[in-house]
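No experiment lies behind these values; they were computed from the predicted model shown. Throughout, a chain's letter reflects where its sequence line sits, starting with A, and its residues are numbered from 1.
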Amino acid sequence: MDFKPHSLERGFFARPALTVARELIGKVLCRRIGREVLAEVINETEAYIGPQDLAAHGSKGRTARTEVMFGPAGNWYVYFIYGIHWMLNAVTDDIDHPAAVLIRGAGPWTGPAKLTKAMSIDKSFNTLPIAPATELWIEDRGLVIRPRHIRRTPRIGVDYAGDWAKKPYRFVVEHA
DNA sequence: GCAGTGATCATA
DNA sequence: ATGATCACTGCC
């Protein structure tokens, strides 16, 4: 075997959100808390592809919250929603092109808010680089999820986005 | 089926 | 300053 596990670099994220969303399936989300490292295989993602995508926060223009999406790929975008939940996203694409991938599930945690709660992820990671130094990063450990086991569906919870709500921008590993 | 919960943003 | 909205979850 010549595969060597490695943490994903900015170049991985500096591509279209749909490409990144698909390729994040099977990668490993890692969170260090003191000496402990939690590591879970990503099994559900959604792509928010750019300014034309009415489901994406960046389509409303630059605001304090969305500014990070207009910045370089490879940073975390973490925001608070419904008064309770933190959502974890990876910024993708180029500078000034607001796009990101929402990480919706990893390991046993199916659901974006359950994931962030279980791995103690909150606003403190917003705008930080996706790298081991931030204590929250993503590794490629060589795991391959067969394409047959990855289903594409419309994104969850974006019914307000008209035709964009129907686009199959969600990737999820089939049960079994 | 829907209440809870509060940051964020537009409007003023 | 106020009100609407919200990339969700858990309980009814």
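Tracing side-chain contacts under 4.5 Å through hydrophobic residues (I, L, V, M, F, W, Y), one reaches A:Leu8 starting from A:Ile130; they form part of the same cluster.
Contact record, A:Trp76 with A:Phe125: CB-O, 3.4 Å, taken as the closest heavy-atom pair. Among all heavy-atom pairs drawn from A:Val158 and A:Ala165, the shortest one is O-CB, 3.2 Å. Of all heavy-atom pairs between A:Ala100 and A:Ala17, the closest is O-CB, 3.9 Å. Listed here is the closest heavy atom pair of A:Ala39 and A:Cys30: CB-SG, 4.3 Å.
Atom CG in A:Leu88 sits roughly 16 Å away from atom P in C:dA7 (whole-Å rounding). As a whole-Å value, the separation of A:His85 NE2 from C:dT9 P is 6 Å. The interatomic distance linking A:Trp86 (CH2) with C:dC6 (P) rounds to 19 Å, in whole Å. Between A:Ile156 atom CD1 and C:dT9 atom P there is a gap of 10 Å when expressed in whole angstrom units. Atoms NZ (A:Lys117) and C1' (B:dT5) sit 14 Å apart, rounded to a whole Å.
Checking the phosphate oxygens (OP1, OP2) of C:dA7, a side-chain nitrogen or oxygen of A:His57 falls inside 4.0 Å. In this structure, A:Tyr79 does not reach the C:dC6 phosphate: none of its side-chain N or O atoms is under 4.0 Å from OP1 or OP2.
In this structure the side chain of A:Ile49 reaches within 4.5 angstrom of the side chain of A:Trp164, judged on heavy atoms. Residues A:Glu23 and A:Asp140 have side chains not in contact (no heavy-atom distance under 4.5 Å, counting atoms from C-beta outward). Inter-residue side-chain proximity for A:Pro51 and A:His97 is flagged as met; some heavy-atom pair is nearer than 4.5 Å.
With A:Glu44 as reference, A:Arg170 is the one residue of A:Arg152, A:Arg170, A:Arg151, A:Arg22 to meet the salt bridge (charged side-chain N to carboxylate O under 4.0 Å, His left out) rule. The side chain to side chain contact (heavy atoms under 4.5 Å, CB included) test with A:Val91 singles out one residue from A:Thr127, A:Val20, A:Val68, and that residue is A:Val68.
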Would you sketch DNA chain C in dot-bracket for me? Only Watson-Crick or G-U wobble pairs with both distances under 3.5 Å count, crossing pairs as [ ], other-strand pairs as |, the rest as dots.
-> ||||||.||||.
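Aromatic stacking of A:Tyr82 on B:dG6: not satisfied for centres closer than 5.5 Å together with planes under 30 degrees.
Nucleic acid contact for A:Ala55: base, since at least one base atom lies under 4.0 Å from a heavy atom of the residue.
For DNA chain C, the residues of residues 99-107 of chain A within the heavy-atom distance limit of 4.0 Å (strictly under) are A:Leu102, A:Arg104, sorted by number.
A distance of 4.0 Å separates CG of A:Asp53 from CZ of A:Arg155, quoted to the nearest 0.5 Å.
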Per-nucleotide protein contact string for nucleotides 7-12 of chain B, where B marks a base within reach and S marks sugar-phosphate only (heavy atoms under 4.0 Å, - for neither) = SSS---
